[in-house]
Every structure is written in C-alpha cells, then in structure tokens.
Amino acid sequence: MEKSYQPEQIEQRLYAWWEENGWFAPRGDGDPYCIVIPPPNVTGVLHMGHAFQDTIMDALTRYQRMQGSRTLWQPGTDHAGIATQMVVERLLGAEGTSRRELGREAFVERVWQWKEASGGRIGEQLRRLGASVDWSRDRFTMDKGLSDAVKEVFVRLYDEGLIYRGKRLVNWDPVLHTALSDLEVLSADEDAHLWHFRYPLASGDGHVTVATTRPETMLGDTAVAVHPDDERYADLVGQDVVLPIVGRRIPIIADDYVESEFGSGCVKITPGHDFNDYEIGERHGLPVINILTDDAALNDEVPEAYRGLDRFDAREKIIAEFDSLGLLEKTEPYVRKTPRSDRSGAIVEPYLTDQWYVRIEPLAKPAIEAVEDGRIRFVPENWSKTYFEWMYNIQDWCISRQLWWGHRIPAWYDADGKVYVGRSEAEVRERHAFGDAVELRQDEDVLDTWFSSALWPFSTLGWPDRTRSLREFYPGAVLVTGFDIIFFWVARMIMMGLKFMGDVPFREVYIHGLIRDQDGQKMSKSKGNVLDPLDLIDGVNLDTLLEKRTTGLMQDHLKPAIEKATRAQFPDGIQAYGCDALRFTFAALATTGRDIRFDLGRIEGYRNFCNKLWNAARYVLMNTESIGEGTGEPSAADLWIRARLDLTIEAVHRHIGQYRLDLAAQALYEFTWHEFCDWYLELSKPVLRDDAATAAEQLGTRRTLVEVLESLLRLLHPLMPFITEEIWQQVAPRAGVEGETIMLQPFPQVAAGADYGTAEADIEWVKAFILGVRQIRGEMDIPPGKALPVIMQHATDADEDRAARFAMLLEQVGRVASIATLEADAEPPASATALMGELRLLVPMAGLIDVAAERVRLGKQRDKVAADLAKADAKLGNEKFVNNAPPEVVTQERARKAEFERNLAQLDEQLAKLAELD
RNA sequence: GGGCGAUUAGCUCAGGGGUAGAGCGCCACGUUGACAUCGUGGAGGUCGGUGGUUCGAAACCACCAUCGCCCACCA
C-alpha cells in the first residue's frame, strides 16, 4: 500500500469494475427497496446540490443493499422543456440563426442532437460520485415508453373531465412566448411608481381618481370600482366615466374587493390584464379587452397612436398624455411586487389565451389524505405543513406551454376547431370514425415538463404496462429531495401516483437542505460562487477555476468582482480531496436545518480522515501478514474494542434509520479515529512487539485487529465506497471473509449475546491512568518520549491488580518507566499529581517538574473542583431538590459531591506539600 | 398579511429538563518502527434578550430582537 491515500488511483478503476459486474442492479430475494433519482436536466451539469443529494441516496441505497434488500436506485434524466430549449436557442443565436428560421421539425431534431452530445455528462458525473444506480434501467423523460405514459395519463384525465381546455388569463412570458404555471412566476419587491389618474365623469360633473402601477393597461379598462360601503362614492355607483384617450364610457361599479383605505379608494378595472380584475369582471359581466400581442406590445384594440408600441413605451406615452390633459393628479414612488418569469426574468403579463389545465382539486384531496393519515411521512415532519399549506389552496394547473421541445399535447382539431383527444391521430380517427377526408391538425403546444416528471415513479418502471418492476418497486421507499420542489414535483407525484397506481409513490419524503457557499449565499453562476463537485474530487488550478467561473456569464460586468473574490478565496486553486472525502463531508453536513454552508475546511478534515483510515489499515496489514489459524486469546483491549464496535454499529443503524447521516458520520469518525486508532492500535503494539506475549495472545490481537477493521470498512462503505473497497480487498482474506466485493457484503450487525466481561472497565482504567500521566507530562512540558516513574498511593487491591496486569500497556503506551506502590500514610517524595477517584498517581519531581508550574496546574484543578462542589452542595442543600427530584438523580448528585470532596482534599493536601518546598 | 426556520467556542455545526460537545482554527511540546493529511497536552462559551413553567431551563412555553426562507390578488 502507498504510504498515503491516493484517491485518484483507485476511484475510477473501482467504479468501472463494479459497473462491469452489474452489481448495481437489484439482486437477491430480499424486500424490495427503491429510490428514484430526481432526474437532472439532461443537458445540464451536476452541481453541489445534486452531489449532496446523490450522496444521500447512494448511502441509503448501499446500506439497504448490504442489508440484503432487493435494491433499485432508478436513474434518469429530464428533458427540462424551457431550460433546454433556451440553451439550444442561445446556441442557434451564436450561429446567427434562430428557432423560427429552422422551423419546428429541424429545431427539435437539433435539440435531440444536443441532448445526445451533452447528455452523457450527467452519467459520467454520477459515476465519479460513486452513485450505485442501475444503469441498465436509465430513463429519459422523452423516451418512447415515458412518452406513452404521458399520453396515457393525458387521455385518461381528459376522458374523466380532469383535463380541460379553456380561455383564461394566464401568466404569459412575453420573451419566451409561452404560458407559465403559477409556480414558475417569482414575485419580488421592486421600486416602482403609483400614478394617480383622473377619469372624468360622463355627466361632465367632476372626476374620480384611480391609482395604478400599470398605466398602459388603462387602454383596456372596462370599469372603475369602489367599495360598496364607501360613502364618498355611494352616489356615483352606476354612473359612467369616460376613459381618457380611449373615449370609452365605462361604468362605476361596487365590489368588496376594493380597499377603501388604499389610494383614493377607487380602482380601475382591466379584466384582460389583471387576475383580480378578471374575477371582478366575471362577477359584474364586464367585457374583457385584450390590448396586448404575444410580445407584450399593444395591439389593434387601442387607439391608433398606441398600436405596436412596446408596453413600457406605451406607459411613458400614456403618462405624458394624461399629464398634458391635466388628468395626472400625482406620481408617488411605490414598492411593488413584480412578477417575473423564473426562466427568462421577463416581467410576466396576465394574458388571455387558450390553454390546457388540470382540474386539480379532485386529485389534491386524496393526496392530502395520504399525508394526513401517515401513508406518506415527511422527514423532517414539519415539511408536511408546507405541503398542506399549498395543497389546501391549490389552483388548477396550466399544463400547456408554447414551446417546441417537450411532449406534444395529444389533441387534434378538425376544420371547425373542435378538439379530439387521443393517444394518437390514428386513435382519434378510429374513435370518431373519421374518414381520410377529415383533416386533423395536432395541437401545437407541448406539456409542462413537470407533467412528465409527475409520472416518474411509475413511468420509469414501465407503466402503463403492468411490468414486474412495477409490481416489485412501486411504491418506492423514500424520495430524497430539496424543499424547493415540494410543490413542483413532490405534490404532483403524490397526486398522479394515487390516481394511476392507486397507491402512494413513496412512503417517506426526506427533505434535505440547500447547499450554500461559505457565506451562506446561494450558489449561482452570476454570483460566481459555484463549486463544481468534480473540482473538489480532482482538484483544480486557479486559472481553470477562474475560466470556469467567468465564461458564459450573462452579465459581463460581474467578471472582475468574481475574479477578485475567487483569487482571494482560492489563491492556489482547490486541492484534490477525492470522492470519499467529499461524500463524507456531505454526510456530515446533512443536518436537519434548511441551509447548509459548504465549508472547505471540513472536506480537508475528512480527506485527512481517509488518510487516517488508510494508514490504520496499513498498520493492521503489516501486523497480520503471518496470521495463523484460530482465534487466539483475546486481551482486555481486544474485547474492549469489540464492545466499542458494537456500540458504533448500533448507533449507525439507528442514525441511518432516521436519515441522520450527520450523526452516523460523526459516530463513525469518532470510533475510527479516537477509539480504533488512538487507543486500540496503540494498545495492540505492546502485545505484538513484546516477546513475552504468548503466541495465543498475539494471535488474539491480530485476529481482533483484522476483524474489527473488516467490520469497520463495511460500516463505512455506504458513505465512503471507494477507499473501503480498496482496503477491504486486502483485509477481507486475512479476516477469513470471502466475497468479490465489499458492496455486496452484509452490513455489520451487533454481536448477539457477546460477553466482554470486565474488559471495558479494565481498559477505561488503563486509559484514565495513561491520561493522568500524559496530563502531567503535557502540562509540565516534559517531552513525550521521556518515560516517567509513577507512584500509586491509596491504591486498592483492584488497582494494584490492574497495574500489574496491564503494566506492559502502561509502560509502553503511557511511557511509564516504573510503577511503585506507597502506603497511604507514608510520606511521598515531592511529586506532580493526578487523581483517579481514591487512587492518587504521583510523578516524583526530582529534576523533572517545576514546583511553581505544578502549583498553578493543581490550583486550576482545585478551582474547578471547588466550583463543582459548591454547585453540588447548593443543590443537595435545597430541600425541594432532595424531595422532588427523582431518587436516582439525588443519589448521583451525592456521589458527585463525595467525589468532589475527596478530590478537593487530595488537591489541598498536594498543594500544601508544594508550599512546603518553597 | 399568513406560515416556517435559525440564533451554542474565533469559524462551521451537533446536542438536549440535572457534568456544555465535535471538526477546523489557535497555543505549547514532540518526528516513538500506521499516519506530520500525524501524536500529546492546553486555552476558549453566563447556549440572542426578557419573562414564565419546574426542585432544577441552554433545552419546554410566551413575548421580543436580529437574520433567513416560503406562500399570498391592495390597485
């Protein structure tokens, strides 16, 4: 083995070997366990969030596989309609052409080419992360089978009346020229203005004032509204105003929606371009006038001077015209929630179009119940609140998109515009007995990407065919995802799963936090703070990192700041930490909170942890080359480490069962480093080196070394698959374990009925003894190599017995030169002191120890003990405590008090002796 | 406006009605035959504030402050 751990030399080799052997596929006859991957965008790149999520899923998958489950981690990618179309359109733009120039067919062909060219990247990245997905089942949302599933669902929902087509206001993206669902619109506060316009009364007698943030929409106004109880306007209701510029007479109506307190208490109503106004219009039978084109320019419904103007140019012109007419009362600065398209960033327009909708309430109801009655459990539990909140107020889902890349809506129109829905044109013709003479034209639109994603848990398993996979792996065990797509995806999968499979798609939903940068900022290209998980695995030099962060930026002016920040944070680029270190870091960070700050310091620590494990294995292998047959005669240390291993195994099972990978990682780290390496390996050295140890004793220790390590590797494997496999290949034969790969070995279980006797207490005593001596040594600045004589005073028979039995350990691990016993009443030489209960360890000072330093050291200890004693005294002096606290707590407190008193007396005695030396 | 979350060591974070923890960083000593990507020892916190419940609160409750997120139709 190399002297230090070199991840780059093992990871890719091992992954290829696992994959070639088909070990990721479901196997055996255990209980099925299935996780479907949240499909990343096929043309995208995995980011830190993916890597984090994939680490969690892979850890769960590997754990279950080792537990003997018939395990499937289902991989795949998403066609990601808008996102992918935009990417390809940008490419075309760079080539000097465009989507429209190419035409639909050629464009879609071009996107497929792009998908083929770039789609392999996700797979390669997943492989580098060690993801044990079953590649033989890789799926893409636009595969034939998944497309069939989409059509099937569409047709069935339509036939049931749960999908309908309607002309309504939708969120319109005037840049992308498509409708958006509510979820794809993000509103944020932006500085704006509130313009107060006067609308003259038709009676010629005065005016009303309306306030608006959208002056241009006044061209489509069809009423003015006031609150029914607003006395100021009571006598105006029913009268008309004359809409300036347009000249249209529109009524003044009364509606509860109006807030009398706001502005003048008088609202212009534009049913064609505002969601609230649309509803008011419906209540009052107002005409709906659409004044915009697809580009959000003004159309022919407006006075000639305004036709063809962009909405924002029109706004300026309207304001100017009102001003010149003397009808602009005032202009106020105002903060407005501005709705923008998630994808294009354009301000979204409410726009009247024909779209397809899913009638969602009938689907939502069972989906709410499934979480209410516990058939689906959110982890952490409180995310169910977020889910309910949305589901109770859910709106019909607009599923049509005016894009070219996606699942084309399976609907056809005849010459009269009558719509027919079917799985194919042939099916439509057959269903309706259309002859060849009947012309049918397919709907131009495609479906929202999330429509196909909603079917993912069953479409990937072969639905609508009733496949074996579907029977075996539906429902899945757990969905692992971020809270940002609970509405987009999780809720919709639950609805569709219940509707079409008659059962929930998964039993649990594990919601993890979002990975942020070291300052808590969201990672994004434009902030220039993105980390590529592969750069953490392979390392990256500064120039390459700068290049990656500054090319392809949407806004070039951000470049200098990004470059500066990157140089400051990574003056030497990023080191290669290896996949296992990255995975362990993710696991350790997988806490229950919302946000996770990715701290580079931690990955370095876990890289060191890998190295620690590597070197512990080297030590074990060095000492087990000639291991013989049999179990030998285990020492107290051997039994102790096995007992500690059992506790660790139990903890890891418990934590993984509760999705607490952070706690599992912590338990594993603690055991590996601080118990196995710090103590057990050290305690094994005297046995293996000492010629006085019998062959049976040495064998017992060698066996324990190799067996505990072998178990530990299996225990670590779900989190660190590569290094554990690499080491295991060498360790397993020596541990007498057969098997081709660690990934198919059983996960460790607690040794049933193990009896470790007094080994644990013995070794804890040994540790306390050594720690006492080390403390003196450390604080007196005595070199670690210097062996010290130790005198025991107030030793019980048990102490003397242990000192004799473990003399070798104390001498070699504790660097103790000699152990002598002193009678209780004898006068010891001037010494430094360590306390172990009654037992007093004395290290004679002659030539070694500075009296003043020892006095300071004991003084600090004394202060601490005195403070503890005072607290214990106060507690026990409190009658209420003694009477009300549980008896065992009181007993414990009394014991503590006694201990403190004893220690205090001893320390005082020692301090007095030191005083005599002055 | 409604909802959720966070506040613990210099930093990143666990924990949890009775003794305050880890990693990193820091200080000191040290290359002993697994490991300097290391070893040993140490320093460092009145657990955001105020009140309440309790024999006992950092933990439970209420309110407050600060920060963050999600949802929502005051133009």
Side-chain angles (χ1 to χ4, degrees), chain A residues 1 3-5 182 187 194 210-214 217 225 257-270 274-280 334 336-337 380 382-383 385-386 388-390 393 483-484 486-487 514 518 520 575 577 581 588-589 591-602 604-623 660 662-663 666 669-670 674 677-678 681-682 685 689 771 774-786 812 815 857 860 868 871-872 875 878-886 889-890 892-893 896:
Chain A
M1 282 175 88
K3 193 174 175 186
S4 67
Y5 171 56
D182 298 343
S187 292
L194 197 54
V210 297
T212 182
T213 54
R214 310 267 336 261
T217 64
Y257 160 77
V258 180
E259 301 280 333
S260 299
E261 322 307 319
F262 189 89
S264 62
C266 201
V267 194
K268 63 190 272 306
I269 302 297
T270 321
D274 184 283
F275 289 104
N276 296 312
D277 293 4
Y278 185 80
E279 283 180 22
I280 292 172
Y334 188 70
R336 169 180 177 242
K337 289 270 185 222
N382 55 296
W383 287 109
K385 278 195 178 180
T386 305
F388 288 135
E389 193 70 24
W390 189 65
N393 301 301
F483 57 82
D484 50 332
I486 291 179
F487 307 144
L514 243 44
Q518 69 286 342
Q575 287 182 54
Y577 295 109
L589 292 173
T591 58
T592 50
R594 271 184 190 211
D595 298 339
I596 292 152
R597 291 192 191 202
F598 192 82
D599 177 14
L600 265 183
R602 290 189 71 156
E604 184 170 345
Y606 294 125
R607 189 271 318 265
N608 295 352
F609 177 65
C610 290
N611 191 57
K612 190 77 180 172
L613 179 66
W614 183 261
N615 277 289
R618 286 180 63 219
Y619 170 80
V620 171
L621 289 168
M622 264 175 221
N623 285 288
R660 291 303 304 271
D662 58 325
L663 299 181
Q666 197 184 328
Y669 185 98
E670 170 69 20
H674 298 305
C677 291
D678 284 353
L681 296 192
E682 294 308 317
K685 287 174 183 176
R689 277 185 211 144
L771 285 170
R774 277 182 187 168
Q775 203 170 16
I776 291 170
R777 190 197 312 276
E779 294 193 41
M780 293 298 116
D781 284 350
I782 299 169
K786 173 91 183 163
Q812 294 195 38
R815 299 258 145 199
R857 195 179 73 89
K860 270 193 286 188
D868 286 342
K871 267 195 261 179
K875 250 184 178 177
N878 183 348
E879 228 174 89
K880 287 178 180 168
F881 170 73
V882 179
N883 293 337
N884 293 314
V889 172
V890 178
Q892 182 194 322
E893 199 60 29
R896 292 184 70 218

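Quick note on labels: first sequence line is chain A, next is B, and so on, each numbered from 1.
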Taking B:C60 as the reference, what is the distance to B:U54 when you measure between their C1' atoms (whole Å, please)? 10 Å
Give me the distance, rounded to whole Å, that separates B:A58 from B:U53 when you measure between the C1' atoms they each carry. 16 Å
How many whole angstroms separate atom CD of A:Q666 from atom C1' of B:C24? 14 Å
Less than 4.0 angstrom between a side-chain N/O of A:R660 and OP1 or OP2 of B:G15, yes or no? yes
What is the nucleic acid contact for A:V882, judged by heavy atoms within less than 4.0 Å: base, sugar-phosphate only, or nothing? nothing
The test is side chain to side chain contact (heavy atoms under 4.5 Å, CB included); show your working for A:V882 and A:E893 and say whether it passes. CA-CA 10 Å; A:V882 179; A:E893 199 60 29; over 6 Å; no
Expressed in whole Å, how much space separates the P atoms belonging to B:G1 and B:C64? 13 Å
Inter-nucleotide C1' distance (B:A28, B:C11), Å rounded: 22 Å
Need one value for A:F487: base, sugar-phosphate or nothing, where a base atom within 4.0 Å counts as base even if backbone is also close, heavy atoms only. sugar-phosphate
So what does A:E259 touch, heavy atoms closer than 4.0 Å: a base, only the sugar-phosphate, or nothing? base
In this structure, CZ of A:R689 is separated from CD of A:Q812 (nearest 0.5 Å) by 6.0 Å
Assign A:F598 to base, sugar-phosphate, or nothing according to its heavy-atom contacts below 4.0 angstrom with the strands shown. nothing
On a whole-Å scale, what distance lies between the P atoms belonging to B:C69 and B:A57? 36 Å
For nucleotides B:A20 and B:G44, find the distance between their P atoms and express it as a whole number of Å. 14 Å
Rounded to the nearest Å, what distance is computed from the CG atom of residue A:N276 to the P atom of nucleotide B:C73? 8 Å
Quick one: does NZ or CZ of A:K685 land under 6.0 Å from the six-membered ring centre of A:Y619, within 45 degrees of the ring axis? yes
If you compare every side-chain N and O of A:Q775 against the phosphate oxygens of B:G42 (OP1, OP2), does one of them come in below 4.0 Å? yes
Rounded to whole Å, please give me the gap between CG in A:L514 and P in B:A6. 16 Å
Just say parallel, tilted or perpendicular for the rings of A:F262 and A:Y334, cut-offs at 30° and 60°. perpendicular
Base, sugar-phosphate or nothing for A:L621? Non-hydrogen atoms, less than 4.0 Å. nothing
Taking atom P of B:U54 as reference, at what distance in whole Å does atom CD of A:E879 sit? 18 Å
Is a donor on one side and an acceptor on the other found under 3.5 Å between the side chain of A:R214 and the backbone of A:D274? no
Could you check whether A:L771 gets within reach of a base, just the sugar-phosphate, or nothing at all, counting any heavy atom under 4.0 Å? sugar-phosphate
Looking only at atom P, what distance separates B:U12 and B:A65, rounded to whole Å? 25 Å
Under 30°, 30 to 60°, or over 60°: which ring-plane class applies to A:W614 and A:Y5, parallel, tilted or perpendicular? tilted
Taking atom C1' of B:U19 as reference, at what distance in whole Å does atom CD of A:E893 sit? 9 Å
Which value, in whole Å, describes the distance between the P atoms of nucleotides B:G5 and B:A36? 47 Å
Determine the contact category for A:R857: base if any of its heavy atoms lies under 4.0 Å from a base atom, sugar-phosphate if only primed atoms, P, OP1 or OP2 are that close, otherwise nothing. nothing
The residue, A:Y257 or A:K880, whose nearest nucleotide of RNA chain B is more 5′ is A:K880
Looking at side-chain heavy atoms only, is the closest gap between A:N276 and A:Y257 below 4.5 Å? yes
Between A:Q666 and A:E670, is there a side-chain heavy-atom distance shorter than 4.5 Å? no
Rounded to the nearest Å, what distance is computed from the CG atom of residue A:L600 to the C1' atom of nucleotide B:G25? 14 Å
So A:W383 and A:I486, side chain to side chain contact (heavy atoms under 4.5 Å, CB included) or not? Walk me through it. CA-CA 9 Å; A:W383 287 109; A:I486 291 179; 3.8 Å; yes
From OH of A:Y669 across to P of B:G21 the rounded distance in Å is 18 Å
At 4.0 Å (heavy atoms only), tell me whether A:Y334 reaches a base, stays on the sugar-phosphate, or touches nothing. sugar-phosphate
Ignoring backbone atoms, establish whether A:R602 has a side-chain N or O less than 4.0 Å from OP1 or OP2 of B:C13. no
Sugar-phosphate means primed atoms, P, OP1 and OP2; the rest is base. With that split, encode nucleotides 28-39 of chain B 5' to 3' as B, S or - using protein heavy atoms under 4.0 Å. SSS-SBBBSBSB
May I ask you to check whether A:Y606 and A:Y577 place their ring centers less than 6.0 Å from one another? no
Assuming nearest nucleotide by heavy-atom distance, tell me which of A:N382 and A:D662 is located more 5' along RNA chain B. A:N382
Under the side chain to side chain donor-acceptor pair (under 3.5 Å) rule, collect the residues that match up with A:Y278, sequence neighbours excluded. none
Contact class for A:F275 (heavy atom, under 4.0 Å): base, sugar-phosphate, or nothing? nothing
How far apart are the C-alpha atoms of A:K875 and A:N878, what are their side-chain angles, what is the distance that settles it, and do they pass the side chain to side chain contact (heavy atoms under 4.5 Å, CB included) test? CA-CA 5 Å; A:K875 250 184 178 177; A:N878 183 348; 5.8 Å; no
Dot-bracket for RNA chain B: what is it, with Watson-Crick or G-U pairs under 3.5 Å, [ ] where a pair crosses earlier ones, and | for a pair to another strand? (((((((..((((....[..)))).(((((.......))))).....(((((..]....))))))))))))....
CG of A:N393 versus C1' of B:C71: gap in Å, rounded? 9 Å
Please tell me if A:K268 has a side-chain N or O lying less than 4.0 Å from either OP1 or OP2 of B:A75. no
When you get a sec, tell me which of B:U12, B:G2, B:U19 is the closest nucleotide to the side chain of A:E389? B:G2
